[in-house]
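To start, the structure under review is shown below, and the notes come after it.
Only heavy atoms go into these numbers, but all of them, side chains included; no hydrogens, no water, no symmetry mates.
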Amino acid sequence: MATIRDVAKLADVSVSTVSLALSNPARVSQKTLEKIRQAIAAVGFVADPLAQSLARGRSRMIGFVVGNVGNPFFGDIRRELENYALDHQHFVVVTDSSGKTDRERAMVEHLIGLKTAGLALAPSGYDQDYLDFIAGLNVPIVCFDQKVAGIERDFVGSDNYLAGAMLTEHLLQLGHRRIAFITGPSHMHTATERYRGFAETMANAGVEVNPNFVVDGQFTRTAGYEAAMRLLIQPERPTAILGANNTVALSTLQAMQELGFRCPEDISLAMIDNVQWSSVITPRITMVVQDTLALGGIIARRLMHRISNPQGAVEPPQDFVLTPKFVPGNSCRRL
């Protein structure tokens, strides 16, 4: 197996110059860098990433830690982060915490042990112990999606209050007053902000929220389906249902179809966040979507800035909040 000494000998440079070219090519002249690249190709040398990470004090890995890798929202962001990272000689390691704080913590600790260069983290915890854990991590971190009070790190997300308010206003404009809301976990920023947007928009319109029409769907398929069933079997059913995320909304559509309800003829449906192949779902669901490509791009650039730039590492944390987009479908009818 070819070694770094073989490369140095063929390129007629020192071993330390080859090592510098591998770890920080910007500090090597273009002429020397080209000689080293040709020598690497000639001898078939493959760098040892573990050895490199030990020498640098960090690897070229970026940890991507989320609660559900199956959610298309996270998939779109991951792709943007991965593309940008590869352009900057880093690669992304994806982990799924299933929304469990202890599992997330174990994954983060493992990634830190591997000398990960930085973390893109959708946090699942919120108590003081969790805040202390995040504060004690000596690695660049960009948090996204879930804004957790007390975490002093960069945050990238969407205006979730506006997302809930936009869909509620749309349904009100169509004449709906018996509007149900399937919520997410009460400790999650996205869930509480989306519900707040719904509740305050209803109040501003002088419409009282029926407490029987607010059901917890936990942002999951199973809980969303059960929540929808509880709404649909009530003697006085809602005329419209707003799903706090894509998973609970699709579960609601399934429950409606199983019970023989037509959408939107019998019950209107709207949701926050997009799904794959949404354009072929019948009916096409009215929704508010987040700009996942823009979110992923900001996460990637901010994280690489903090990883690669000494000044970036000490800059105060910033929040980047994007405006979601209203996308009309044909799942909501006028009363």
Side-chain angles (χ1 to χ4, degrees), residues 71-77 145 157-184 190-191 193-207 209-210 213-215 217 219 221 224-225 227-228 231-232 237-257 259 261-296 321-335:
N71 190 325
F73 170 77
F74 291 127
D76 289 344
I77 291 176
D145 191 38
S158 299
D159 189 332
N160 287 282
Y161 174 91
L162 183 59
M166 289 167 71
L167 287 176
T168 306
E169 182 63 32
H170 175 67
L171 292 170
L172 288 169
Q173 291 292 330
L174 291 177
H176 293 275
R177 295 298 180 267
R178 300 206 310 272
I179 304 174
F181 192 92
I182 300 181
T183 69
T190 49
E193 284 297 285
R194 291 171 187 181
Y195 176 73
R196 190 169 69 88
F198 161 75
E200 291 189 5
T201 303
M202 292 282 279
N204 291 338
V207 180
V209 175
N210 184 338
F213 286 175
V214 179
V215 190
F219 280 168
R221 178 179 179 180
Y225 176 83
L231 290 171
L232 295 172
R237 287 182 293 273
T239 62
I241 298 176
L242 200 168
N245 78 342
N246 46 16
T247 303
V248 300
L250 291 182
S251 298
T252 299
L253 184 61
Q254 177 186 348
M256 290 167 62
Q257 292 173 347
L259 292 180
F261 292 106
R262 299 167 301 165
C263 178
E265 291 83 357
D266 299 319
I267 302 175
S268 294
L269 178 65
M271 70 180 181
I272 298 172
D273 284 341
N274 202 350
V275 293
Q276 292 178 322
W277 301 102
S278 60
S279 60
V280 300
I281 295 175
T282 303
R284 193 172 70 255
I285 301 176
T286 293
M287 55 190 159
V288 166
V289 300
Q290 303 183 68
D291 190 341
T292 51
L293 300 184
L295 291 170
V321 180
L322 305 187
T323 301
K325 179 183 178 182
F326 176 76
V327 181
N330 53 16
S331 62
C332 300
R333 75 181 183 94
R334 183 176 299 277
L335 295 183

Next item on the list: Could you tell me whether a side-chain N or O of His176 sits under 3.5 Å from a main-chain N or O of Arg333, the two making a donor and an acceptor?
Entry: yes
Margin query: Nearest 0.5 angstrom please: Leu269 CG to Leu242 CG, how far?
Written below: 8.0 Å
Check: Where is the tightest heavy-atom contact between Phe219 and Thr247, given as atom of each residue plus distance?
Finding: O-CB, 3.9 Å
Margin query: For Arg237 and Leu231: C-alpha separation, side-chain torsions, deciding distance, then whether side-chain contact (heavy atoms from CB on, under 4.5 Å) applies.
Written below: CA-CA 6 Å; Arg237 287 182 293 273; Leu231 290 171; over 6 Å; no
Next item on the list: Could you walk me through whether Ile267 and Thr239 pass the side-chain contact (heavy atoms from CB on, under 4.5 Å) test, one step at a time?
Entry: CA-CA 5 Å; Ile267 302 175; Thr239 62; over 6 Å; no
Next item on the list: Enter the distance from Leu293:CG to Ile77:CD1 here, rounded to the nearest 0.5 Å.
Entry: 9.5 Å
Item checked: Separation between CG of Leu167 and OG1 of Thr201, rounded to the nearest 0.5 Å -> 10.0 Å
Check: Between Asp266 and Pro264, is there a donor-acceptor pair closer than 3.5 Å when you use the side chain of the first and the backbone of the second?
Finding: no
Next item on the list: Nearest 0.5 Å please: distance from the OG atom of Ser268 over to the CZ atom of Arg178.
Entry: 11.5 Å
Check: Is there a donor-acceptor contact under 3.5 Å from the side chain of Arg177 to the main chain of Leu172?
Finding: yes
Notebook entry, point to check: Just wondering, do Pro238 and Ile179 contact through their side chains at under 4.5 Å, heavy atoms?
Noted result: no
Margin query: Applying side chain to side chain donor-acceptor pair (under 3.5 Å), can you list everything that pairs with Tyr161, at least two apart in sequence or on another chain?
Written below: Glu200
Check: What closest approach, in Å, do Met271 and Asn245 show between heavy atoms, and which atom pair accounts for it?
Finding: CB-O, 4.2 Å
Check: Please walk me through it: do Val209 and Phe198 pass side-chain contact (heavy atoms from CB on, under 4.5 Å)?
Finding: CA-CA 9 Å; Val209 175; Phe198 161 75; 3.9 Å; yes
Notebook entry, point to check: If every non-hydrogen atom of Asn330 is compared with every non-hydrogen atom of Pro283, which pair is closest and at what distance?
Noted result: OD1-CB, 3.3 Å
Check: Between Thr292 (side chain) and Asp76 (backbone), is there a donor-acceptor pair under 3.5 Å?
Finding: no
Next item on the list: Tell me whether the centres of the aromatic rings in Phe181 and Phe213 are closer together than 6.0 Å.
Entry: no
Next item on the list: Could you tell me the separation between the SG atom of Cys332 and the CD1 atom of Ile241, rounded to the nearest 0.5 Å?
Entry: 11.0 Å
Next item on the list: Identify the two heavy atoms, one from Gly224 and one from Thr252, that lie closest to each other, and give their separation to 0.1 Å.
Entry: O-OG1, 4.3 Å
Check: Taking all non-hydrogen atoms of both residues, which atom of Leu295 and which atom of Leu322 are closest, and how far apart?
Finding: CD2-CD1, 3.6 Å
Notebook entry, point to check: Between OG1 of Thr323 and CG of Asp291, what distance do you get to the nearest 0.5 Å?
Noted result: 10.0 Å
Next item on the list: Could you walk me through whether Val327 and Thr286 pass side-chain contact (heavy atoms from CB on, under 4.5 Å), step by step?
Entry: CA-CA 6 Å; Val327 181; Thr286 293; over 6 Å; no
Checklist line | Under 3.5 Å donor-acceptor, Arg334 side chain and Gln173 backbone | finding: yes
Check: Is Phe261 close to Leu232 at the side-chain level, that is, under 4.5 Å between some pair of heavy atoms?
Finding: yes
Notebook entry, point to check: Does anything in residues 268-287 pair up under salt bridge (charged side-chain N to carboxylate O under 4.0 Å, His left out), and if so which pairs, sequence neighbours excluded?
Noted result: Arg194-Asp273
Check: With a 4.5 Å limit on heavy-atom distance, are the side chains of Arg262 and Met256 in contact?
Finding: no
Margin query: Looking at Asn246 and Asn274, would you say the former's side chain and the latter's main chain have a donor-acceptor pair under 3.5 Å?
Written below: yes
Item checked: Minimum heavy-atom distance Ala249-Gly243, with the two atoms named -> CB-CA, 4.4 Å
